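These notes concern the structure reproduced below.
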2 protein chains.
Amino acid sequence: MDNNTIQDLIDRYVNISFQVHKKAEALIKNQLGNELTNDQHYILRYIHQTGECTSTELAEVFQVNKSAITAIINRMTDRGLIQRTRDEKDRRVVYLTPTQEGVELFQSAQEKVHQLVESIITQFDETEITTFINTYEKLAQILDNKKQEELGE
Amino acid sequence: MDNNTIQDLIDRYVNISFQVHKKAEALIKNQLGNELTNDQHYILRYIHQTGECTSTELAEVFQVNKSAITAIINRMTDRGLIQRTRDEKDRRVVYLTPTQEGVELFQSAQEKVHQLVESIITQFDETEITTFINTYEKLAQILDNKKQEELGE
DNA sequence: GTGAATAGTTCAATAGATTAACTATTTTCC
DNA sequence: GGAAAATAGTTAATCTATTGAACTATTCAC
């Protein structure tokens, strides 16, 4: 790639990734209403996918400090959406699981979010969106490597 | 597209867009250090690109309330990065411009961010990343239309 | 000229994040 | 076997970002 091409791609990427994120988050927020924040929705989504998880794991996935996770989980347990269970074998560990209410709220949230995303991705043809998501997943991998590099320094 | 394909794409999209955003923001934050938050960096970036802008415009671009912009701009003017200038023709309007210090800080931030993004996108071949950004830009357009639809309801 | 619309700010409340210091537990290894 | 290091999580103080409602000041519409 020549240098002008690269500079152009960098500018376009920085601008567009920012814009798309802001717009998509705003639409999702609009779908979720006052019942869940976007972060809380992703927390529930992650716990639902894994079945059980820990604060340390969430801190890694969300790329924030563990104390930020403690604060979010406190708000969610206060609202009766999540439960803490201490591991009896390793008593340092606390497992986070959704309550029945948490599961139900997540499912209704997920339905709304999926409808929104469906209405968007069906505006692309299958090849285009599949290629896009493949590259997106490759990008996630590259970002992980980048992170590892930085930790290694 | 058959229904299973769509459901699969939706799941992959929701997961990957979230992950990439968190990872990319964390890497950018790491580059920016303690001098600028990511939001402040994007504010400076936008003002730098447009030359001059208003709170209303930023609220639209950032998809937040105008009072959120007032708060951010207050912090940035307190730090001497941005200036407010009232329009003499329409005295309701306040123009936001970077100070000399703001310009310098932005340029050093931009350099770091561009280096980071360059090190990432050069790991793709030109066709792949160009196609990706094209689709990304198309997605931004679709999200805009979606937003307009929702406002129309 | 009055009423509606627009641009921006203020205020109180809430969510999310950081850093440093802390408790409790388990692991390492001499 | 026991001291030191590592790990999991919480607490407290502080900051940034956001919302919604109420507010000031100004301009537009008719």
Side-chain angles (χ1 to χ4, degrees), chain A residues 18 21-23 25-30 32-44 46-47 52-79 81-97, chain B residues 18 21-23 25-30 32-44 46-47 52-79 81-97:
Chain A
F18 167 75
H21 172 71
K22 288 291 181 185
K23 287 170 185 168
E25 289 293 289
L27 286 168
I28 290 174
K29 182 177 180 184
N30 202 29
L32 294 178
N34 293 321
E35 303 202 69
L36 280 179
T37 65
N38 286 5
D39 281 343
Q40 288 171 359
H41 161 248
Y42 284 117
I43 294 267
L44 279 180
Y46 186 82
I47 295 181
E52 180 179 85
C53 78
T54 64
S55 287
T56 301
E57 203 178 331
L58 285 174
E60 175 64 25
V61 173
F62 275 69
Q63 302 263 298
V64 295
N65 285 356
K66 285 194 283 190
S67 54
I69 300 297
T70 297
I72 296 180
I73 298 301
N74 281 344
R75 283 187 288 272
M76 294 178 81
T77 52
D78 288 350
R79 286 194 49 210
L81 303 177
I82 283 185
Q83 287 169 325
R84 286 178 161 105
T85 320
R86 199 166 278 279
D87 183 338
E88 287 307 320
K89 289 177 197 158
D90 183 344
R91 295 190 48 73
R92 291 170 303 183
V93 176
V94 174
Y95 293 117
L96 304 170
T97 46
Chain B
F18 168 75
H21 172 70
K22 289 290 181 187
K23 288 169 186 169
E25 290 293 291
L27 287 169
I28 290 175
K29 183 176 179 186
N30 202 28
L32 294 178
N34 293 321
E35 303 204 68
L36 281 179
T37 66
N38 286 5
D39 281 343
Q40 288 171 358
H41 161 249
Y42 283 118
I43 294 266
L44 279 180
Y46 186 83
I47 296 180
E52 180 179 85
C53 80
T54 64
S55 286
T56 301
E57 202 177 331
L58 285 174
E60 175 64 26
V61 173
F62 276 68
Q63 302 262 303
V64 295
N65 283 357
K66 286 194 281 191
S67 54
I69 299 297
T70 297
I72 295 180
I73 298 300
N74 281 344
R75 283 187 289 271
M76 293 178 81
T77 52
D78 287 352
R79 285 195 47 208
L81 302 177
I82 282 184
Q83 288 169 325
R84 287 177 161 105
T85 321
R86 199 164 279 280
D87 183 340
E88 287 306 320
K89 290 177 195 157
D90 182 345
R91 295 190 46 75
R92 291 169 302 184
V93 176
V94 174
Y95 293 116
L96 304 171
T97 47

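Keep in mind that what you see is a predicted model, and the values were worked out from it rather than measured. Each chain gets a letter, A, B and so on, in the order its sequence line appears, and its residues count up from 1.
Within the structure, every side-chain polar atom (N or O) of Asn65(A) is placed at least 4.0 Å from both OP1 and OP2 of dA17(C). One finds no side-chain N or O of Arg86(A) lying less than 4.0 angstrom from the OP1 or OP2 phosphate oxygen of dA24(C). Regarding contacts with the backbone of dA17(D), a side-chain N or O of Gln40(B) is found under 4.0 angstrom from either OP1 or OP2. Taking only side-chain nitrogens and oxygens, Lys29(A) comes nearer than 4.0 Å to OP1 or OP2 of dT19(D).
Between Cys53(B) and Leu58(B) the shortest heavy-atom distance is SG-CG, 3.8 Å. Across all their heavy atoms, Asn38(B) and Lys29(B) have their closest contact at OD1-CA, 3.4 Å. Nearest heavy-atom pair, Ile82(A) versus Thr77(A), reported as atom, atom and distance to 0.1 Å: O-CG2, 3.1 Å.
Applying the side chain to side chain contact (heavy atoms under 4.5 Å, CB included) rule to Thr37(B) yields the partners Asp39(B), Gln40(B); only residues at least two apart in sequence or on another chain are considered. Residues meeting the ring-ring contact (aromatic ring centres under 6.0 Å, His included) test with Phe18(A), sequence neighbours left out: Tyr42(B), Phe62(B).
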Every protein N/O lying under 3.5 Å from an N/O of nucleotides 1-7 of chain C:
| residue | atom | partner | partner atom | Å |
| --- | --- | --- | --- | --- |
| dT6(C) | O2 | Arg92(B) | NH1 | 3.2 |

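Going from atom CG of Leu32(A) over to atom P of dT19(D) covers 14 Å, rounded to whole Å. Residue Tyr95(B) contributes atom OH, which lies 16 Å from atom P of dT26(D) at whole-angstrom precision. As rounded to whole Å, 18 Å separates atom P of dA13(C) from atom CG of Asp78(A). Counting to the nearest Å, the C1' atom of dA24(C) and the CD atom of Glu88(A) are 14 Å from each other. What separates CZ of Arg91(B) from P of dT24(D) is a distance of 18 Å, to the nearest Å. Atoms CG (Leu81(A)) and P (dA15(C)) sit 12 Å apart, rounded to a whole Å. Distance, Leu36(A) CG to dA15(C) C1': 13 Å, rounded to whole Å. Taking atom CG on Asp39(A) and atom P on dG16(C), their separation rounds to 5 Å, with Å as the unit.
Between atom CD1 of residue Ile28(A) and atom CG of residue Leu36(A) there is a gap of 12.0 Å, rounded to the nearest 0.5 Å.
Over its full length, the helix from dG1(C)-dC30(D) to dC30(C)-dG1(D) turns its helical axis through 30°, comparing axes from the five pairs at each end and rounding to 10°.
Ile43(B) is not listed as a side-chain neighbour of Leu81(B), based on a closest heavy-atom distance of 4.5 Å or more. Using a 4.5 Å cut-off on side-chain heavy atoms (C-beta onward), Arg84(B) and Leu96(B) make contact. Met76(A) is listed as a side-chain neighbour of Leu44(A), based on a closest heavy-atom distance under 4.5 Å.
Residues Asp87(B) and Lys89(B) are not paired through a salt bridge, judged by the lack of any N-O separation under 4.0 Å between the basic side chain and the carboxylate.
Comparing Phe62(A) and Lys89(A) by the nucleotide of DNA chain C that holds the closest heavy atom to each, the one mapping nearer the 5' end is Phe62(A).
Of all the residues in residues 67-76 of chain A, Ser67(A), Ala68(A), Ile72(A), Arg75(A) reach under 4.0 Å from DNA chain C with at least one non-hydrogen atom.
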Subject >> Chi angles and distances behind the side chain to side chain contact (heavy atoms under 4.5 Å, CB included) call for Glu88(A), Arg91(A) >> reply: CA-CA 6 Å; Glu88(A) 287 307 320; Arg91(A) 295 190 48 73; 3.2 Å; yes
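Pairs engaging residues 52-79 of chain A under the salt bridge (charged side-chain N to carboxylate O under 4.0 Å, His left out) rule: none recorded [sequence neighbours left out].
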